[in-house]
Amino acid sequence: MKIAIIGAGAMGSRFGYMLQHSGNDVFLVDTWKEHVDTINKNGLLVEENSKLNSIKIPAFLPEEVVEIPELIILFTKSMGLKPMLKSINKIIGKNTQVLCLLNGLGHSETISEFVDIKNIFMGVTLWTSELIGPGHVKLTGSGNLEIQNLDPTMGVTAKKICQTLNDANLNAIYSKNVVLSIWKKACINGALNSTCTILDCNIEEFGQLKNSKKIITKIIQEFSQIASKYNIPLNIDEIVKNVEQTYDPNEAGEHFPSMHQDLIQNHRLTEIDYINGYISKKGKEFDIPTPYNNLLTILVHSKEELLIK
Ligand code: NAD
C-alpha cells in the first residue's frame with residue numbers, strides 16, 4: 001500500500017519504519033529540513049533494544065510532495081496539523097484515506113476542512129517513541145492502537161486499515177467508540193502533562209503531592225462537563241483511578257510527560273491548546289466555568305513565553 005506519513009517526528013518515524021518494513025511503499029513528509037535531508041542521505045536510523053538499523057525511506061518537505069497516496073497517517077504535533085494539511089492538500093486524493101493519531105482534542109473538525117468525512121479515520125495510540133536527533137529515532141516499549149471511521153458507512157475500510165497496521169505488528173483494533181477513547185486519553189494528558197510541566201516534576205513525584213488527587217479530580221470534572229455537551233459520557237472516578245495508576249514507577253511514574261520534555265527540557269512549544277486549552281475554549285463557548293483548565297493553559301503559555309525566545 002502507498003502510505004504517506006505526514007509529520008515524521010518520533011511517532012511518524014516509528015510508524016513509517018514499521019509499515020515500510022512490512023512491505024508497504026512508504027514516504028515521509030516533514031517540515032524539519034535537516035531531518036528530511038539526513039533521512040535521504042543516510043536512511044532513517046532506527047534504534048531498538050540497543051540495536052541500530054538503517055532503513056531507506058524517501059522523505060520530503062511538504063512543498064516537494066507530488067504523489068497521491070492511498071493512506072495518509074497524520075502524526076504532526078497538534079499545532080502543526082492545520083498548516084501541514086494546507087501545504088499537503090494537493091496530495092489528498094478523492095479516495096485517499098486519512099488516519100489521525102495525534103493526541104489532543106478537536107482534530108477531526110480541523111481535518112474535515114480538508115478531507116471528505118467518509119475518508120477520515122480517527123485513532124488513539126499507546127505506542128511511544130523518541131527522536132534522538134535528525135534522522136535518528138528510538139523505539140521505546142510496545143503499544144497498541146484503536147481506530148474507527150467517522151462516517152458510519154466506512155467500517156469495512158477502517159477494518160482494512162487495521163489489517164495493514166497489524167501486518168506491521170502495530171497491534172491495531174477496530175474501535176466501537178474511538179471518540180470516547182480519545183477523550184479518556186486527553187483527560188489523562190490533561191491531568192498530568194500541564195501539571196508536571198508547571199511543577200517541574202515527574203509523574204511519581206506529582207502523585208506524592210498532598211493535593212494531587214484534588215487537582216486531577218477538578219481537571220477531569222471540567223473535561224467531563226464539556227464532554228457531556230457532545231454526549232460523551234466520561235466516568236470521572238474511573239479516569240481518576242487510571243491517572244493514579246500511572247504514578248507507579250513500574251508504570252509511567254519515573255517518566256516526565258511529553259509536555260515537560262517539549263517545554264522544560266527542549267524549549268519547544270506545547271500541545272496545551274488541544275488538551276487543557278480545548279476545555280478552556282469550549283467552557284467559554286458553552287458558558288461552563290473551567291477555572292482549573294483556564295489557569296493551567298495560561299500558566300503553560302506563560303512558561304512558553306519565558307523559555308522560548
Ligand atoms: P515530535 O515532536 O517528535 O515531532 C513533531 C514535529 O516536530 C515533527 O515535524 C518533527 O520533525 C519536529 N521536530 C522534532 N524534533 C525537532 C527538533 N529538534 N528540531 C526541529 N523540529 C523538530 O512529535 P511526536 O512525539 O512524534 O508526536 C506526534 C503526535 O503524536 C503528537 O500529537 C503527540 O502528542 C502524539 N504522541 C506522541 C507519543 C510519543 O511517544 N512521542 C506517543 C503517543 C502520541
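What you see below is based on every heavy atom in this structure, not just the backbone, and it leaves out hydrogens, waters and symmetry mates. Because the structure is a prediction, the values reported are computed rather than measured. Atoms within a ligand are numbered from 1 in the order they appear, just like the ligands themselves.
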Practice task
Count the heavy atoms belonging to other residues, nucleotides or ligands that lie under 6.0 Å from NZ of Lys210, then report whether that count exceeds 12.
Solution key: no

Exercise for the section: Please say whether Thr125 places an N or O atom under 3.5 Å from an N or O atom belonging to ligand 1. Expected result: no

Practice task
Decide if atom NZ of Lys94 counts as having more than 12 heavy atoms of other residues, nucleotides or ligands within a radius under 6.0 Å.
Solution key: no

Handout entry: Salt-bridge criterion met for Glu238 and Lys241 (N-O under 4.0 Å)
Key = no

Completion exercise
In this structure, atom 3 (O) of ligand 1 is nearest to the protein heavy atom Ala10 N, 2.8 Å

Practice task
Examine ligand 1 and decide if any of its atoms is less than 4.0 Å from a heavy atom belonging to Arg14.
Solution key: no

Handout entry: Contact check, Ser129 vs ligand 1, heavy-atom distance below 4.0 Å
Key = yes

Fill in the blank from the handout: Among non-hydrogen protein atoms, atom 9 (O) of ligand 1 lies closest to Asp30 OD1, 2.7 Å

Handout entry: Nearest neighbour in protein (non-hydrogen) for atom 4 (O) of ligand 1
Key = Gly9 CA, 3.3 Å

Exercise for the section: Specify the protein heavy atom at minimum distance from atom 37 (C) of ligand 1: its residue, its atom name, and the distance to 0.1 Å. Expected result: Met11 CG, 3.4 Å

Handout entry: Any Lys185 heavy atom less than 4.0 Å to ligand 1
Key = yes

Exercise for the section: Quick one: look at Leu102 and ligand 1, take heavy-atom pairs under 4.0 Å, and tell me if it's side chain, backbone, both or neither. Expected result: both

Handout entry: Thr76 contact mode with ligand 1 (heavy-atom cut-off under 4.0 Å)
Key = backbone

Exercise for the section: Taking the side chain as every heavy atom from C-beta outward, state whether Ile288 and Lys229 have any atom pair closer than 4.5 Å. Expected result: yes

Exercise for the section: Hey, could you give me the OH/CZ distance between Tyr247 and Phe206, rounded to the nearest 0.5 Å? Expected result: 5.0 Å

Fill in the blank from the handout: Heavy-atom proximity to atom 12 (C) of ligand 1 ranks first, among Met259, Arg268, Lys77, for Arg268

Handout entry: Student check: side-chain heavy atoms of Phe15 and Leu170 closer than 4.5 Å
Key = yes

Problem - Considering all heavy atoms, the nearest Leu145-Leu165 contact - result: CD1-CD1, 3.9 Å

Exercise for the section: Run the numbers for me: atoms of ligand 1, each under 4.0 Å from some heavy atom of Phe75, listed by number. Expected result: 28 (C), 29 (C), 30 (O)

Exercise for the section: Answer yes or no: are there more than 12 heavy-atom neighbours, outside Lys77 itself, under 6.0 Å from its atom NZ? Expected result: yes

Practice task
Report yes or no: does a heavy atom of Trp127 sit under 4.0 Å from some atom of ligand 1?
Solution key: yes

Practice task
Identify, for atom 31 (C) of ligand 1, the protein heavy atom at the shortest distance, and state residue, atom and that distance.
Solution key: Glu271 OE2, 3.3 Å

Handout entry: Side-chain ion pair, Lys213 and Glu244, N-O less than 4.0 Å
Key = yes

Practice task
Check ligand 1 against Leu131 and write out every atom of the ligand that is under 4.0 Å from a heavy-atom position of the residue.
Solution key: 14 (C), 15 (N)

Exercise for the section: Taking the side chain as every heavy atom from C-beta outward, state whether Phe114 and Lys82 have any atom pair closer than 4.5 Å. Expected result: yes

Problem - Residue portion contacting ligand 1 (non-hydrogen atoms closer than 4.0 Å) for Trp32 - result: side chain

Exercise for the section: Among all protein heavy atoms, pick the one closest to atom 36 (N) of ligand 1 and tell me residue, atom and distance. Expected result: Asn103 ND2, 3.6 Å

Completion exercise
ligand 1 to Thr128, heavy atom cutoff 4.0 Å, flagged ligand atoms 40 (O)

Exercise for the section: Considering non-hydrogen atoms only, spot the tightest contact between Ser181 and Val124 and give its length. Expected result: CB-CG1, 3.7 Å

